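Structure first, then comments.
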Number of protein chains: 2
Amino acid sequence: MSNAEEQTGPPTAGTLAHRVPDLGALELLLAVARLGSLGGAARELGITQPAASSRIRSMERQLGVALVDRSPRGSKLTDAGALVTDWARRIVEAAEAFDVGAQALRDRRDSRLRVAASMTIAEYLLPGWLLALRAQRPDTAVSLHAGNSTVVAERLLSDEADLGFVEGLTVPTGLDSVVIAHDRLIVVTAPGHAWSRRRRPLEASELAKTPLLLREKGSGTRQVLDAALGGLARPLIELSSTTAVKAAAVSGAGPAVLSELAVGEELAMRRLVSVPVEGVALARDLRAVWPTGHRPTGPARDLLSLTRG
Amino acid sequence: MSNAEEQTGPPTAGTLAHRVPDLGALELLLAVARLGSLGGAARELGITQPAASSRIRSMERQLGVALVDRSPRGSKLTDAGALVTDWARRIVEAAEAFDVGAQALRDRRDSRLRVAASMTIAEYLLPGWLLALRAQRPDTAVSLHAGNSTVVAERLLSDEADLGFVEGLTVPTGLDSVVIAHDRLIVVTAPGHAWSRRRRPLEASELAKTPLLLREKGSGTRQVLDAALGGLARPLIELSSTTAVKAAAVSGAGPAVLSELAVGEELAMRRLVSVPVEGVALARDLRAVWPTGHRPTGPARDLLSLTRG
DNA sequence: ATTACTCATAAACCCAGCTTATGTCGCCAT
DNA sequence: ATGGCGACATAAGCTGGGTTTATGAGTAAT
């Protein structure tokens, strides 16, 4: 069926999944890189040596690049293979974060550590913490519930969660807290936007009177911004997730105000540029919270200690 | 075969690839999130609606979490689904970087822009640049060759490359250059290490007399460190790739000296901690280079302009 | 030479995901 | 109300990529 139209060959054909090897193959490549042997890597992943051999070969065919130098006494990465392996590692690391997060979403019932966290924290910080926790306490089953500050407080107070994380300006009553990190909201635009070429920092008043891409009212981010500007933030569009705001900003729809955490990668890749602002307090604390008096112990304490640094 | 021993169920069974949906499924999920419709997402990816439906369903089964709320007039993400989608986006973005990099490694011949870059730059910076370039000039075929400064210079001077990137202390003769970014070498250890709890910055002399995890002699990183310490860096082990050094450091083998670029993620995830150092100049410039006189034009100029910010 | 590694090849199998063909539900316009 | 149109679900059959088992072939060290 799909032979007729794409007779030109595979350079830029099909979707991402067709051009990028699947996770199994990438894991295998990492194992080969580490162990210096196809057979060894196969053993580690619990498959047979011919399976590994064939899989690496088909990955090389797919990419059009030789990845490993085979010899009768082992396999070593090609120069190109080393580069590909490093890029592959990023994918696998993202997959590990996904995995640990998804597991926490599922466990729900019988978990020893029940965490409630705000969206931004759950999205950007928690997977890393959970990976670290798994590394030092492999058998701690964690469950995660994401929601705004109010929800986090409710779950803690009704003993549905052992430890919470919030990002608001105030700590809900009935909870003790400790600051674990700082976050700043920053103004970002697509690289083409006029603001991206500004010399002088933006004035608060300019920011207040310019229509912005914003999260809906009620989100932690929006609260902080409204407070900083005196309730004056003017929406160009209101979107329902950080991600939607980012996407709109990247596509040039206008300037957006987002957590530093959320746009780190986009800034590094220059899909967005940061616009300096002066005269506005856009910093906010990220806090771990727990019911007043009930200092975290056991697994909750372990996790908490990972989040401070 | 593998049924007998793992009758406990899927909580933490199998390898990563068994617990994480494949790229196709993740792309599909992102499309569903964006379009608010299974059928629409299916159309966008060039598959049929039942295929999309079944794939999302099996992803939900695999993760043990409901991801989308289906209704006769569209599909919307669950709360958990929104979180999963955000984590999925990270994987897909890493895959895009992989893809654009791998394509550049292959093209070789008929490409309009031939780039030669040092390992660190090719590893961490180039994929982002290439994605940005593809976004604004979709039909620029790029080929990439990675090697040390000497190799980059050779390729430029023999007209095998149009634009180069180097990270050494000096610019090879015969080349013009412009600084595009700054990098620092930093001292890192696993979180457990004694140095990770230091109050006062490390003295250069302490660093020089402590055995370190290092790249082999001849690497750009090693050169800068040796120069900064006066040729005195003392190896605990010499490893052949940045990655190997990182892995050793993470596993607690000892302190390592690595590019800031290389350890950004590990620091963010607290798999490594940075140890402040004083009295040593560990900064270095990253430069774009080209044959003296031949100012970059066309695609090379496009790429160059993306790298400055 | 024998042994012990390595990787490659060949044939048979199995399952995940695809398509085509249909069914069901809710909304909207006539 | 009643078609019609959108959405998603279900069922049956096909295909291909990845697997295993079983072998072959090269190198190195004993």
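For clarity, every value in this text was computed on a predicted model and none was experimentally measured. So you know, we letter chains A, B, ... as the sequences are listed, proteins then strands, and number each from 1.
Within residues 25-36 of chain B, no residue places a heavy atom under 4.0 Å from DNA chain D. Near DNA chain D, meaning a heavy atom under 4.0 Å away, the residues from residues 69-82 of chain B are B:R70, B:S71, B:P72, B:G74, B:S75. Of all the residues in residues 40-52 of chain A, A:R43, A:Q49, A:P50 reach under 4.0 Å from DNA chain C with at least one non-hydrogen atom.
Exactly one of B:L63, B:T78, B:V84 qualifies for a side chain to side chain contact (heavy atoms under 4.5 Å, CB included) with A:L105. That residue is B:V84.
Contact footprint of chain B on DNA chain C: nucleotides with an atom under 4.0 Å from a non-hydrogen protein atom, first to last in 5' to 3' order, C:dG17 to C:dC27.
The closest donor-acceptor contact from the side chain of A:E123 to the backbone of B:D86 lies at 3.5 Å or more, if one exists at all. Remark: the backbone N or O of A:R70 is not paired with any side-chain donor or acceptor of A:S75 at under 3.5 angstrom. Looking only at distances, a side-chain donor or acceptor of A:S71 sits under 3.5 Å from a matching main-chain atom of A:G74. Side-chain atoms of B:S111 never come within 3.5 Å of backbone atoms of B:R114 as a donor-acceptor pair (strictly under, hydrogens ignored).
The separation between B:R55 atom CZ and D:dT10 atom C1' is 19 Å, rounded to whole Å.
At least one side-chain heavy atom of A:I56 sits less than 4.5 Å from a side-chain heavy atom of A:M59. Contact of the A:V245 side chain with the A:L214 side chain is not registered, since no non-hydrogen atoms from C-beta on lie closer than 4.5 Å. Proximity of B:H145 to A:D79: side-chain heavy atoms (C-beta onward) are nowhere separated by under 4.5 Å.
The heavy-atom pair separating A:A262 from A:E266 by the smallest distance is O-OE1, 3.5 Å. Counting all heavy atoms, side chain and backbone alike, B:A117 lies closest to B:L144 at CB-CD1, 4.2 Å. Across B:S259 and B:T120, no two heavy atoms sit closer than the pair OG-CG2, 4.2 Å. A:V250 approaches A:A190 most closely through the heavy-atom pair O-CB, 3.8 Å.
Across all strands shown, A:S54 has heavy atoms under 4.0 Å from base atoms, whether or not it also approaches the sugar-phosphate.
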Q: Please lay out, stage by stage, how A:R134 and A:V100 fare under the test side-chain contact (heavy atoms from CB on, under 4.5 Å).
A: CA-CA 9 Å; A:R134 181 206 266 172; A:V100 75; 4.0 Å; yes

Q: Give the intermediate values and the outcome of side-chain contact (heavy atoms from CB on, under 4.5 Å) for residues A:Y124 and A:T242.
A: CA-CA 11 Å; A:Y124 298 101; A:T242 304; 4.0 Å; yes

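Between B:L38 and A:S58, it is B:L38 whose nearest contact on DNA chain D lies nearer the 5' terminus.
Residues forming a salt bridge (charged side-chain N to carboxylate O under 4.0 Å, His left out) with B:E160 (at least two apart in sequence, or on another chain): none.
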Q: Quick one, give me the B/S/- string for nucleotides 12-17 of chain D, reading 5' to 3', where B means a protein heavy atom under 4.0 Å from the base and S means that only happens at the primed atoms, P, OP1 or OP2.
A: ------

